[in-house]
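Take a look at the structure set out below.
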Amino acid sequence: MDNILEIKDLKVWFPIKKGVFARTVGQVKAVDGVSFELHCGETLGVVGESGSGKSTVARVITGLQKPTDGSFELRGKVAMVFQDPLGSLNPRMTIRAILQEAISQRQSNKQTIEQLLQMVGLDAAALDKYPHEFSGGQRQRICIARAIATGPELLICDEAVSALDLSVRAQILDLLEDLKRKLGLSLLFITHDLGVVQHIADRVVVMNRGKIIEEGPCGQVLKAPREEYTRYLLSSVPKIGKSLT
């Protein structure tokens, strides 16, 4: 199976500086030797608590963070959906302007703004409104529309449903699965919640303190986790849909 993304021995270290002369006295190893691949058409869940390094990996892939060492190869265009939809939308722009800005970056403008909204479950009445006029779930749908407007092959979702109520969360996950199928997307889904992963992912990577500690097919990892840390994450899952066991 072809890969859309390959990461090899990725490291992102941040210096610890102290004293008047800001001497480097150590390193924070946010990502420390991470390697994995993402197959075309696959959804890979990357799971871990805050500080595990999962979002730093996403920032490297999107060019927002320079790696200290290692490499990655991305075979396609990438777009990202962030955790806070209100914070990632310009409050001074209408939805029409936000989506038009995203579409104008493409060489080919085959999709209309109205079609984009329809794809995420909103209608044309939303176009001339501002982000603050929508619910959290609706704003996240707008963020997803903006992301797919750029024509990506890989969509990175960084805690994209963690700020939403459970019922709305399930709706957004269903939407992402539908878009993945219709548009032929690959998904990299970053979350602290294994309950979300079991709903959407084909495979899962578990990160802790900058390292991958467990990985494999989603069902296998959830039913028989090898690591105590993975079992801890499972114990704190709010259930969505089918049982984890």
Side-chain angles (χ1 to χ4, degrees), residues 14 30 46 49-66 77-180 182-183 185 187-193 196 199-200 238 240:
F14 298 105
V46 180
E49 295 179 292
S50 296
S52 63
K54 59 189 189 300
S55 292
T56 304
V57 172
R59 289 175 60 83
V60 170
I61 297 168
T62 55
L64 298 174
Q65 174 65 54
K66 185 177 180 180
K77 191 173 182 179
V78 62
M80 195 162 177
V81 180
F82 297 92
Q83 177 178 358
D84 178 15
L86 185 58
S88 63
L89 295 171
N90 189 328
R92 297 181 178 86
M93 295 176 68
T94 65
I95 306 310
R96 184 189 303 275
I98 288 170
L99 295 181
Q100 184 60 58
E101 183 179 58
I103 291 174
S104 66
Q105 296 174 7
R106 301 181 63 180
Q107 293 181 350
S108 176
N109 184 1
K110 295 181 180 179
Q111 293 176 307
T112 66
I113 294 174
E114 290 84 0
Q115 288 173 330
L116 281 169
L117 285 178
Q118 289 173 3
M119 290 177 71
V120 299
L122 297 174
D123 58 42
L127 285 174
D128 295 312
K129 295 181 179 180
Y130 291 85
H132 73 271
E133 298 181 73
F134 297 90
S135 68
Q138 290 172 325
R139 285 193 289 263
Q140 198 60 294
R141 288 174 185 269
I142 293 165
C143 289
I144 293 169
R146 179 180 61 181
I148 64 174
T150 63
E153 287 81 28
L154 171 61
L155 186 62
I156 299 178
C157 300
D158 189 4
E159 297 283 8
V161 298
S162 63
L164 305 176
D165 294 338
L166 287 179
S167 60
V168 179
R169 188 179 303 183
Q171 294 170 15
I172 297 298
L173 293 175
D174 288 341
L175 171 63
L176 289 168
E177 286 188 313
D178 184 56
L179 292 173
K180 173 190 169 185
K182 289 180 178 177
L183 302 177
L185 297 172
L187 297 183
L188 185 64
F189 204 94
I190 297 169
T191 180
H192 65 278
D193 187 347
V196 170
H199 190 91
I200 197 170
I240 302 177

Completion exercise
Residue pairs meeting salt bridge (Lys or Arg N to Asp or Glu O under 4.0 Å), one or both in residues 118-127, sequence neighbours left out, come to none

Practice task
With sequence neighbours excluded, give me every salt bridge (Lys or Arg N to Asp or Glu O under 4.0 Å) pair touching residues 82-96.
Solution key: Arg96-Asp128

Distance in Å, [X] [atom1] paired with [Y] [atom2], rounded so as to fall on 0.5 Å steps:
| X | Y | atom1 | atom2 | result |
| --- | --- | --- | --- | --- |
| Glu133 | Thr94 | CD | OG1 | 10.0 Å |
| Gln171 | Leu176 | CD | CG | 12.0 Å |
| Ile200 | Leu187 | CD1 | CG | 5.5 Å |
| Thr150 | Leu99 | OG1 | CG | 11.0 Å |
| Ile156 | Thr62 | CD1 | OG1 | 5.5 Å |
| Cys143 | Ile148 | SG | CD1 | 12.0 Å |

Please give me the minimum heavy-atom distance between [X] and [Y], naming the atom from each residue.
| X | Y | result |
| --- | --- | --- |
| Pro91 | Tyr130 | O-CD2, 3.5 Å |
| Gly137 | Val168 | CA-CG1, 3.6 Å |
| Pro152 | Leu185 | O-CD2, 3.1 Å |
| Ala147 | Leu155 | CB-CD1, 3.7 Å |
| Ala58 | Ile190 | CB-CD1, 3.3 Å |
| Val46 | Leu188 | CG2-CD1, 3.7 Å |

Problem - Expected output: side-chain Glu101 to main-chain Ile98 donor-acceptor under 3.5 Å - result: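 No; zero donor-acceptor contacts below 3.5 Å.
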
Practice task
Without swapping roles, check the side chain of Lys77 against the backbone of Gly151 for a donor-acceptor pair under 3.5 Å.
Solution key: no

Between [X] and [Y], is any pair of side-chain heavy atoms under 4.5 Å apart?
| X | Y | result |
| --- | --- | --- |
| Gln140 | Val81 | yes |
| Leu127 | Glu114 | yes |
| Leu183 | Met119 | yes |

With [X], which residues qualify under side chain to side chain donor-acceptor pair (under 3.5 Å), at least two apart?
| X | value |
| --- | --- |
| Asp174 | His199 |
| Glu177 | none |
| Ser162 | Gln83 |
| Ser55 | Asp158 |

What pairs with [X] under side chain to side chain contact (heavy atoms under 4.5 Å, CB included), at least two apart in sequence or on another chain?
| X | answer |
| --- | --- |
| Arg59 | Leu64, Gln65 |
| Thr191 | Val47, Glu159, Phe189, Asp193, Val196, Val197 |
| Gln118 | none |
| Phe134 | Ile95, Ala126, Lys129, Gln138, Arg139, Ile142 |

Handout entry: Residues in salt bridge (Lys or Arg N to Asp or Glu O under 4.0 Å) contact with Lys66, at least two apart in sequence or another chain
Key = none

